[in-house]
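Only one structure is covered here, and it is reproduced in the block below.
All residue numbers in this chain count up from 1 along the given sequence.
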Amino acid sequence: MDVAEERTQVAGLETHWRRAGDAPILYVHGVPTASWDWLPFLERTGGVAPDLPGFGESAKPGDFDYSIDGYDRFLEAFADSAGLDRLSLVVHDWGGVGLAFAQRFPERIERLVMFTCVPFLPGYRWHWVARTWRRRGLGELFMGTSTKWGFKQISKQSNARPGPLPDEFLDRVWRHYDHGTQRAILRLYRSADADVLARHGARLGELRCPTLILWPTKDPYIGPEFGQRYADALGGDVELEMVEAGHWMWLDRPELVERVAGFLG
C-alpha cells in the first residue's frame, strides 16, 4: 500500500503525518523517532501516523506543553482533524501518550495494540539514559555533546540481535535530532515523575476494547514484567505475547507486522 506524506495545521501547529489507505488506525511513535517508524505497518494495514510535536518534520515550538497532558490534547485534535471518530490505536515507547487519550475517550477505541510502552503504572524506575536526561544541566550536556557515532554505540543495547540498530534507522533519527527535538525530549522526561506516570494509568481498567500486547523479553529500558502488569490493568479482552526481541521489536522480528495486521483485521 502506498504511503503519502501530508502537512496539516493541528491545534495551531504545523503537523507532518503519513497516511495509507482509509483504515481508521492511528499509530503513535515514541522517542526519538517519528512517523517513519511505522512505515512497514502503514504499508501493510493502512492508517495514519503523525510526527508528534517536537519530532520529525512537525513543528517544535518552545511554548508547547511537552508532557503527557500536552500530547494527549494534541492527539485528540489530530484524530478529530483526520476524521477518526472511532479508531484502532497502536502505540510504542512514549507513543503510550495515546493511552491518556484512550482513557478519556474509551468509546472511540475499537482495538488497541501495545508494543513496549512507558509504564503508566506504579513502581517503574527510569533507565540510565532517561535518568541522565531528567537531570538538569547533565541532560543538556549529554544532548549537546551527542554524536551520530555515539548514538550508534548506545543503540547496540536496543535490539536483541548483535550489533547496532540498522543504518537506515539511525540515519533517520539523526536527521531530525536537532535542538527542537532535544528540548522536547528533555521536557517530556522531566515532566514525568513516578506519581505522574501512575496517575495517567489510573483509568486503564475502563479500556474494554480487544487488546494485543506485544512485549519484548530483551528490552534494556523497560522490564518484561510490565507487559503482564499492563495486561492486568486493562479492562477488556487482552492477549499478551512475550517476544524474544529488543525495544524496537519489529526490527528483530519483522513477522510482527503481519501479527498486528491480523489482529487489526
Side-chain angles (χ1 to χ4, degrees), residues 24-31 33 35 37-38 41 47-55 65-80 82 84-124 126 130 184-185 188-189 191-216 219 221-241 247-249 260 263-264:
I25 305 171
L26 173 61
Y27 289 90
V28 189
H29 70 83
V31 171
T33 59
S35 61
D37 214 358
W38 297 116
F41 296 89
V48 299
D51 291 355
L52 293 174
F55 295 88
D65 180 7
Y66 297 103
S67 70
I68 298 170
D69 288 332
Y71 283 118
D72 172 11
R73 291 190 296 270
F74 169 82
L75 287 173
E76 178 187 357
F78 177 81
D80 291 345
L84 299 175
D85 295 326
R86 289 181 61 83
L87 57 104
S88 291
L89 178 65
V90 184
V91 297
H92 172 246
D93 186 78
W94 264 114
V97 294
L99 297 174
F101 164 70
Q103 287 171 85
R104 286 199 300 122
F105 301 101
E107 71 282 357
R108 295 179 67 171
I109 311 301
E110 295 273 8
R111 286 178 175 257
L112 173 64
V113 177
M114 294 177 58
F115 289 97
T116 176
C117 280
V118 171
F120 290 0
L121 300 162
Y124 176 62
W126 285 113
I185 292 171
L188 177 57
Y189 276 91
S191 73
D193 292 339
D195 63 320
V196 174
L197 294 176
R199 185 171 72 247
H200 281 90
R203 298 171 62 188
L204 287 169
E206 297 177 23
L207 287 175
R208 301 192 175 277
C209 59
T211 299
L212 173 63
I213 300 176
L214 297 167
W215 207 271
D219 188 331
Y221 309 121
I222 306 171
E225 68 275 14
F226 286 101
Q228 184 63 60
R229 290 192 58 194
Y230 259 124
D232 293 340
L234 290 161
D237 180 13
V238 180
E239 300 178 49
L240 169 64
E241 296 184 14
H247 187 67
W248 281 274
M249 301 172 63
V260 169
F263 178 77
L264 294 176

Any heavy-atom pair between the side chains of [Y] and [X] that's under 4.5 Å?
X: Y27; Y: H92; value: no
X: P210; Y: F263; value: yes
X: V260; Y: L214; value: yes
X: V48; Y: F78; value: yes
X: L52; Y: L75; value: yes
X: L121; Y: L204; value: yes

When you measure from the side chain of D93 to the backbone of G95, do you find a donor-acceptor pair of N or O atoms at a distance under 3.5 Å? no

Closer than 3.5 angstrom, by distance alone: can the side chain of R111 be matched with the main-chain N or O of L212 as a donor-acceptor pair? no

Taking all atoms of both residues into account, what is the closest heavy-atom pair of [X] and [Y], and its distance?
X: V91; Y: G96; result: CB-N, 4.1 Å
X: S35; Y: A49; result: CB-O, 3.2 Å
X: M114; Y: L234; result: SD-CD1, 4.0 Å
X: L197; Y: P119; result: CB-O, 3.6 Å
X: R108; Y: L84; result: NH2-O, 2.7 Å
X: G235; Y: R208; result: O-NH1, 3.1 Å

Distance check, rounded to the nearest 0.5 Å: [X] atom [atom1] versus [Y] atom [atom2]?
X: F226; Y: D232; atom1: CZ; atom2: CG; result: 12.0 Å
X: L264; Y: I25; atom1: CG; atom2: CD1; result: 4.5 Å
X: D193; Y: R199; atom1: CG; atom2: CZ; result: 9.5 Å
X: E107; Y: L207; atom1: CD; atom2: CG; result: 10.0 Å
X: I222; Y: F115; atom1: CD1; atom2: CZ; result: 13.5 Å
X: R86; Y: I109; atom1: CZ; atom2: CD1; result: 8.5 Å

Pairing donors with acceptors under 3.5 angstrom, does anything connect the side chains of D69 and H200? yes

F74 and V97: CA distance, side-chain angles, deciding distance, side chain to side chain contact (heavy atoms under 4.5 Å, CB included) verdict: CA-CA 10 Å; F74 169 82; V97 294; over 6 Å; no

Show the numbers, then the answer: is there a side chain to side chain contact (heavy atoms under 4.5 Å, CB included) between I68 and F120? CA-CA 10 Å; I68 298 170; F120 290 0; 3.8 Å; yes

Decide if the gap between the ring center of F101 and the ring center of F105 is smaller than 6.0 angstrom.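 That pair passes the under 6.0 Å test.
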
Going through the distances and angles, do L26 and L89 end up as a side chain to side chain contact (heavy atoms under 4.5 Å, CB included)? CA-CA 5 Å; L26 173 61; L89 178 65; 4.0 Å; yes

Positive for ring-ring contact (aromatic ring centres under 6.0 Å, His included) with H29, one of F41, F55, W38: F55

Taking W94 as the fixed residue, which of Y189, Y66, Y71 is the one that meets the ring-ring contact (aromatic ring centres under 6.0 Å, His included) rule? Y189

side-chain contact (heavy atoms from CB on, under 4.5 Å) with L112: which of I213, V90, V238, L99?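 It is L99, the one option of I213, V90, V238, L99 that forms the side-chain contact (heavy atoms from CB on, under 4.5 Å) with L112.
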
